[in-house]
Protein chains: 2
Amino acid sequence: MNLATNTKIRMTRQRQQILDHLSSVKTHPIADELYQMVRQQMPRISLGTVYRNLEILSDSGIIQKIDVGGTQKRFDADISNHAHIRCVKCGCVGDLDVHIDVDFEDAARKACDFEVLRHRLEYSGICPDCKDKKAVLM
Amino acid sequence: MNLATNTKIRMTRQRQQILDHLSSVKTHPIADELYQMVRQQMPRISLGTVYRNLEILSDSGIIQKIDVGGTQKRFDADISNHAHIRCVKCGCVGDLDVHIDVDFEDAARKACDFEVLRHRLEYSGICPDCKDKKAVLM
DNA sequence: ATTGTATATAGTAACGATTTCTATTATCAT
DNA sequence: ATGATAATAGAAATCGTTACTATATACAAT
């Protein structure tokens, strides 16, 4: 497992900005959120450029694309394999360092005829902010 | 946990057909696939009707909507909580009866400030059909 | 069985996220 | 500095899904 594939990717100002912004946050922004961030520095950047670069960066293994349900893909500069939790109220996504000492892939191999590659553990719940809001409203 | 919420839903011919078709397959069809199936019996059914009914049926707890990554939502008449595996080649989705004896929610509660509600375990791999195809091509 | 009313329908238009297209511009090895 | 290749901005296209609207249907009360 190498972090980046051996394809050398050209580093453009746009790509660097996108990567910098993504690295600087611990949220898991969607493409449009990154577009808004980068636009502060590069007002003329195109939304298409953001999408294309997020694709290229995740294909290269430099960032990861996370698909936690909902309609939009999210991105994470932390490529370690960690679980995520999505707030059912506001849709925000947080990291989760759960260490469950189980060989998930092995368990699955015994239960189906697929060639099992990987697993993903995803949680849903209510984030601290929405918990507070709910308390106020009640 | 009740199977259906207490809202009584009106049973139309269209809704019944959709439910019947979904119950008769062990794949996890997307809305358009169900549309094609039902169209055999009801050529004039609208795709919008299929979408609306799948929404209503899953809201009522009669079926479940599954979000296994990819761009389309899938549906399952089996409402038991089981894991799914998605083929990275063809996108098909299979059931997986893995029994991992771990309290996932509890593990997560210790790792974040969210009010943890539920978890979802999803696998990716290569389905038997695509395994064969790959073997042939190599 | 007939009626009334709330809900569902077909068909179509609108929507939002993402991808594609194309002419121009930038990167980087030479 | 130059040239080949890849990336860009901007716009249009695509695709899954949802919303809209006039008509039709289900079902409870009569």
Side-chain angles (χ1 to χ4, degrees), chain A residues 4-22 28-60 62-75 86 91-93, chain B residues 4-22 28-60 62-75 86 91-93:
Chain A
T5 59
N6 45 15
T7 20
K8 49 187 83 170
I9 72 165
R10 200 177 269 190
M11 194 46 71
T12 61
R13 296 184 306 115
Q14 290 83 343
R15 189 165 294 162
Q16 188 67 58
Q17 283 281 333
I18 292 165
L19 187 52
D20 287 351
H21 273 98
L22 184 58
H28 303 78
I30 60 176
D32 193 68
E33 287 169 346
L34 280 162
Y35 174 55
Q36 301 303 338
M37 293 181 203
V38 177
R39 254 184 353 147
Q40 309 286 320
Q41 277 79 43
M42 309 182 78
R44 303 192 63 93
I45 194 173
S46 161
L47 179 56
T49 298
V50 175
Y51 271 102
R52 187 166 20 74
N53 277 304
L54 288 171
E55 197 63 31
I56 290 169
L57 288 168
S58 57
D59 282 352
S60 307
I62 297 168
I63 66 173
Q64 70 171 311
K65 191 196 286 192
I66 56 186
D67 197 342
V68 206
T71 50
Q72 287 137 302
K73 301 272 191 320
R74 294 183 172 269
F75 297 88
R86 149 180 292 263
C92 76
V93 173
Chain B
T5 58
N6 45 15
T7 22
K8 50 187 83 171
I9 73 165
R10 197 179 272 188
M11 194 48 70
T12 60
R13 294 183 306 117
Q14 291 83 342
R15 189 165 295 164
Q16 189 66 59
Q17 282 283 333
I18 292 166
L19 187 52
D20 286 351
H21 273 99
L22 184 58
H28 303 78
I30 59 176
D32 193 67
E33 287 169 347
L34 280 162
Y35 174 54
Q36 301 304 337
M37 294 180 202
V38 177
R39 248 168 20 132
Q40 309 285 322
Q41 277 78 43
M42 311 181 78
R44 303 192 62 93
I45 193 171
S46 160
L47 179 56
T49 298
V50 176
Y51 272 102
R52 187 168 19 73
N53 278 305
L54 288 171
E55 198 63 32
I56 290 168
L57 288 167
S58 57
D59 282 352
S60 307
I62 297 168
I63 66 173
Q64 71 171 311
K65 192 196 286 191
I66 57 187
D67 196 342
V68 205
T71 49
Q72 287 138 301
K73 301 274 192 316
R74 293 182 171 270
F75 297 88
R86 148 180 294 262
C92 76
V93 173

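When reading the values below, keep in mind they use all heavy atoms of this one structure, side chains included, and skip hydrogens, waters and symmetry mates.
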Whole angstroms only, please: what is the CD-C1' distance between Gln16(B) and dA8(C)?
15 Å

Tell me the interatomic distance from Arg44(A), atom CZ, to dT24(C), atom C1', rounded to whole angstroms.
13 Å

Chain A on DNA chain D: first and last contacting nucleotide, 5' to 3', under 4.0 Å to a heavy atom?
dT5(D) to dG10(D)

Are there any protein N/O atoms within less than 3.5 Å of an N/O atom in nucleotides 2-6 of chain C, and if so, which ones and at what distance?
from	atom 1	to	atom 2	distance (Å)
dA6(C)	N3	Arg10(B)	NH2	3.2

Sugar-phosphate, base or nothing in reach of Ile30(B), heavy atoms under 4.0 Å
nothing

Separation of Ile56(A) atom CD1 from dT20(C) atom P, in whole Å?
12 Å

Sub-4.5 Å side-chain heavy-atom contact between His28(B) and Ile66(B):
yes

Using OP1 and OP2 only, check whether a side-chain N or O of Tyr51(A) sits under 4.0 Å from dT18(C).
yes

Heavy-atom pair of closest approach, residues Pro29(A) and Met37(A):
CB-CE, 4.1 Å

Tell me the interatomic distance from Asn53(B), atom CG, to dT9(C), atom C1', rounded to whole angstroms.
9 Å

Rounded to whole angstrom units, what separation is found between the CD atom of Gln36(A) and the P atom of dA17(C)?
12 Å

Any side-chain N or O of Gln14(A) below 4.0 angstrom from OP1/OP2 of dA26(C)?
no

Please tell me if Thr71(B) has a side-chain N or O lying less than 4.0 Å from either OP1 or OP2 of dT18(C).
no

Does the side chain of Lys65(B) reach to within under 4.5 Å of the side chain of Glu55(B), using non-hydrogen atoms?
yes

Just call it for Arg52(A): base, sugar-phosphate, or nothing, with non-hydrogen atoms closer than 4.0 Å on any strand.
base

Once you round it to whole Å, what is the distance between P of dA26(C) and CD of Gln17(A)?
16 Å

So, for Thr49(B) and Ile18(B), which heavy atoms are closest and what is the spacing to 0.1 Å?
O-CD1, 4.2 Å

Interatomic distance where NZ belongs to Lys8(A) and P belongs to dA29(C) [whole Å]:
7 Å

pair Arg15(B)-Leu57(B): side-chain heavy atoms closer than 4.5 Å:
yes

Verify the distance criterion only: is there a donor paired with an acceptor across the side chains of His21(B) and Gln41(B) at less than 3.5 Å?
yes

Return the value, rounded to whole Å, for the distance between atom CE of Met11(B) and atom P of dT7(C).
16 Å

Examine distances only and state if a side-chain atom of Ser60(B) and a backbone atom of Ile56(B) form a donor-acceptor pair shorter than 3.5 Å.
yes

Could you check Val50(A) against Arg13(B) and say which one's nearest nucleotide on DNA chain D is further toward the 5' end?
Val50(A)

Any side-chain heavy atom of Arg39(B) sitting closer than 4.5 Å to one from Ile45(B)?
yes

Over all heavy atoms of both residues, which pair between Val50(B) and Ala31(B) is shortest? Give the atoms and the distance, please.
CG1-O, 3.6 Å

